[in-house]
Amino acid sequence: MDKKQIADILAEIADLLELNNENAFRVRAYQNAARALEASSISLGPKTTANQLTSIKGIGKSIAEQILALIQEGELDHHQKLIQDTPPGLREMLKIPTLGPKKIHYIYHKLDIDNISELELACQENRLAGLPNFGPKTQANILKGIQSVKKFSESFLYADIFEQAYALLDQIKGHSKVKKADIAGSMRRKKEIIGDVDIVAATKHPEELMDFFVSLDQSAEIIAKGDTKSSMKLDSGINVDIRAVKPHQYPYALHHFTGSKEHNTAMRAMSKKMGIKINEYGLFKNGKRIPCSNEHDFFQVFSMDYIPPELRENHGEIEAAKNGKLPRLVTQEDIKGLFHIHTNFSDGNMTIQKACQHLKEMGMHYAGFSEHSKTAAYAGGLKEESMKDYLSEIEKIQKKLGDFTLFKGIESDILPNGDLDYSDAVLRRFDFVIIAIHSHFNMSQKEMTQRMIKAMQNPHATILAHPSGRILLARDPYQVDIMQIIDAAAENDVDLEINANPHRLDLDWRMTKYARDKKIKVFINPDAHHLQNLHDYTYGVNMARKGWLEAADVANTMTSRQMQKYLDHKKGRKK
DNA sequence: GCCGTTTTCGGCCCGACTGTTTTCAGTCG
């Protein structure tokens with residue numbers, strides 16, 4: 001049982017306890033432990049000790065013992081008992097907006113309703129209205145919430161929401177009474193998956209702004225409207241929340257609504273010890289507001305460096321900011337060239353020449369082309385006999401483009417037994433070899449991990465592509481021990497990819513800090529098939545930033561000349 | 001259940017909004 005599975009069980013215990021009306025702090029302890037475990041760099045195995053576990057902040061004696069039991073037994077009596085005592089449908093019901101654990105608990109015990117279908121029927125039959133604290137509106141809202149769960153997933157890809165969100169922001173900013181406005185929340189933190197959009201605005205006339213907001217064309221449904229806070233659903237199904245504050249409150253509100261919840265909680269706990277209260281309206285010492293004109297001032301009050309929004313996940317950023325140990329995060333401008341590009345030699349929809357021209361216009365200095373390999377027949381992978389044409393086309397374009405460098409590569413499939421699908425003689429002809437899994441996803445974790453490690457041991461392997469294979473909101477990662485993969489990458493001088501396709505964003509940002517500590521270089525690769533995809537690298541930069549990477553950690557921040565040398569040396573070392 | 005710059009007990013972040021009440025509970029972020 002791996003770390004993620006154990007963290008999921010802890011989170012499930014938290015849900016189940018909550019549904020059983022357990023002490024809220026005990027519930028939170030399990031939630032915190034689940035997060036802390038997942039974010040930790042600890043490797044779980046038969047040799048894991050209780051001391052190692054309790055050294056993680058948020059994991060104490062009791063939960064450490066439960067984790068050890070899960071490692072050794074694969075299950076936990078306490079957990080099993082909770083599952084037995086709690087109908088599975090109750091947990092599903094938690095997904096219904098406006099319906100929380102308290103109401104679910106009550107409905108279950110009073111009306112014996114334990115799943116969404118029964119609840120829907122009960123609402124339609126008007127059986128909820130009239131219960132204490134339940135009225136017709138509560139019932140109608142639950143019914144609406146059920147429809148919403150059925151119709152929309154509650155999660156959206158960052159890239160799918162990004163443009164709508166900023167278009168909306170522009171309209172808010174354009175309102176004559178708005179002094180300042182920004183996107184906050186998970187979108188400002190550049191999370192790969194977004195639940196809703198949060199907008200913070202500074203104005204002296206909040207009611208006018210609320211009226212304006214709910215009248216916008218994009219609104220499909222008004223969820224709530226108050227004096228300073230409103231919420232609406234767009235046609236795409238995503239919720240947008242807006243919050244208006246007075247101009248002098250803006251920096252505090254921006255910090256507050258940017259979150260994460262865990263970051264805010266940790267900040268408040270810390271500030272409370274210093275006798276300072278944090279809320280969205282200010283920092284208060286002895287009831288007196290501490291003036292801040294921006295977020296830099298805000299952090300300075302606590303003698304902290306400015307924490308970029310991407311890092312505000314309570315993954316160690318608060319301590320690092322206090323000690324001057326925050327990374328200087330890589331930026332879009334640091335990226336000098338792009339690798340992992342497919343053209344019409346396999347399943348791409350652009351010529352090599354077009355791709356180069358486009359990249360030059362984007363200000364890039366080099367490109368690494370990597371067609372699919374022969375096993376990827378579905379993608380028109382390159383057969384050995386077409387190899388010559390492909391390589392000579394790259395050479396031809398290179399001659400035309402003096403100041404732009406082309407690197408010759410291939411994306412070679414990792415076969416089920418861990419071999420690559422070309423011989424050494426073929427692989428030797430490339431400047432770099434990306435290795436990747438595109439088939440036989442359903443292997444045991446042990447087999448899959450071994451398969452990938454064996455492939456990384458191939459002396460021609462340069463970069464491991466999309467290490468987990470996940471497709472966000474669509475396909476789970478394959479069963480693989482990512483930490484072992486990262487360890488093997490370090491041992492075998494293989495770099496890791498952050499695949500910047502917004503559906504992948506793989507390597508996961510939660511793991512990049514661990515890779516950085518192992519001194520592994522990361523390539524931010526667009527995995528482009530169309531000219532437009534080349535711009536996706538920016539999503540990869542977002543992930544690198546969330547994962548604490550600096551420019552020096554990212555390979556494609558090198559100049560052309562440095563990259564040429566880097567790849568040559570890598571080949572030389574591995575001979 | 002976790003934790004300790006008021007350490008082994010007694011706290012544990014804070015406030016807006018909704019719908020239910022007639023002062024508050026629940027949910028959400």
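Just so it is clear: chains get the letters A, B, ... in the order the sequence lines come, proteins before strands, and each one is counted from 1.
Residues A:Tyr30 and A:Gln66 have side chains that bring a donor and an acceptor to within less than 3.5 angstrom of each other. Side-chain contact, A:Asn115 with A:Glu118: a donor N or O sits under 3.5 Å from an acceptor N or O.
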Can A:Met187 and A:Ile194 be said to form a side-chain contact (heavy atoms from CB on, under 4.5 Å), step by step?
CA-CA 6 Å; A:Met187 178 150 266; A:Ile194 304 291; 4.1 Å; yes
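One finds no side-chain N or O of A:Tyr106 lying less than 4.0 angstrom from the OP1 or OP2 phosphate oxygen of B:dA25.
Each of A:Asn264 and A:Tyr281 was matched to the nucleotide of DNA chain B holding its nearest heavy atom; the match closer to the 5' end belongs to A:Asn264. Two residues, A:Leu94 and A:Ala64, neighbour DNA chain B, and the one matched to the more 5' nucleotide by heavy-atom proximity is A:Ala64.
Ion pair A:Lys3/A:Asp481 not flagged as a salt bridge, since none of the NZ, NE, NH1 or NH2 atoms sits closer than 4.0 Å to an Asp/Glu carboxylate oxygen.
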Counting primed atoms plus P, OP1 and OP2 as sugar-phosphate and everything else as base, spell out the protein contacts along nucleotides 5-11 of chain B at 4.0 Å heavy-atom distance: B, S or - for each nucleotide, 5' to 3'.
-------
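Contact check of residues 5-26 of chain A against DNA chain B (heavy atom, cut-off under 4.0 Å) returns A:Phe25, A:Arg26. The stretch residues 133-144 of chain A touches DNA chain B through A:Asn133, A:Phe134, A:Gly135, A:Pro136, A:Lys137, A:Thr138, A:Asn141, each having a heavy atom within less than 4.0 Å of the strand.
Side chain of A:Thr228, nearest nucleotide from B:dC2, B:dG15, B:dA16: B:dA16. With B:dG29, B:dC17, B:dG1 as the candidates, the nucleotide lying closest to the side chain of A:Ala224 is B:dC17.
Considering A:Glu317, A:Met270, A:Glu319 in turn, A:Met270 is the only one that fulfils the side chain to side chain contact (heavy atoms under 4.5 Å, CB included) rule with A:Met304.
Within the 4.0 angstrom heavy-atom criterion, only backbone atoms of the sugar-phosphate kind lie near A:Tyr30; the bases stay farther away. At the heavy-atom level, A:Pro132 lies nowhere under 4.0 Å from the strands shown. Base contact: A:Arg28 has a heavy atom under 4.0 Å from a base atom.
For B:dC17 and B:dT21, the C1' atoms lie 15 Å apart once the distance is rounded to whole Å.
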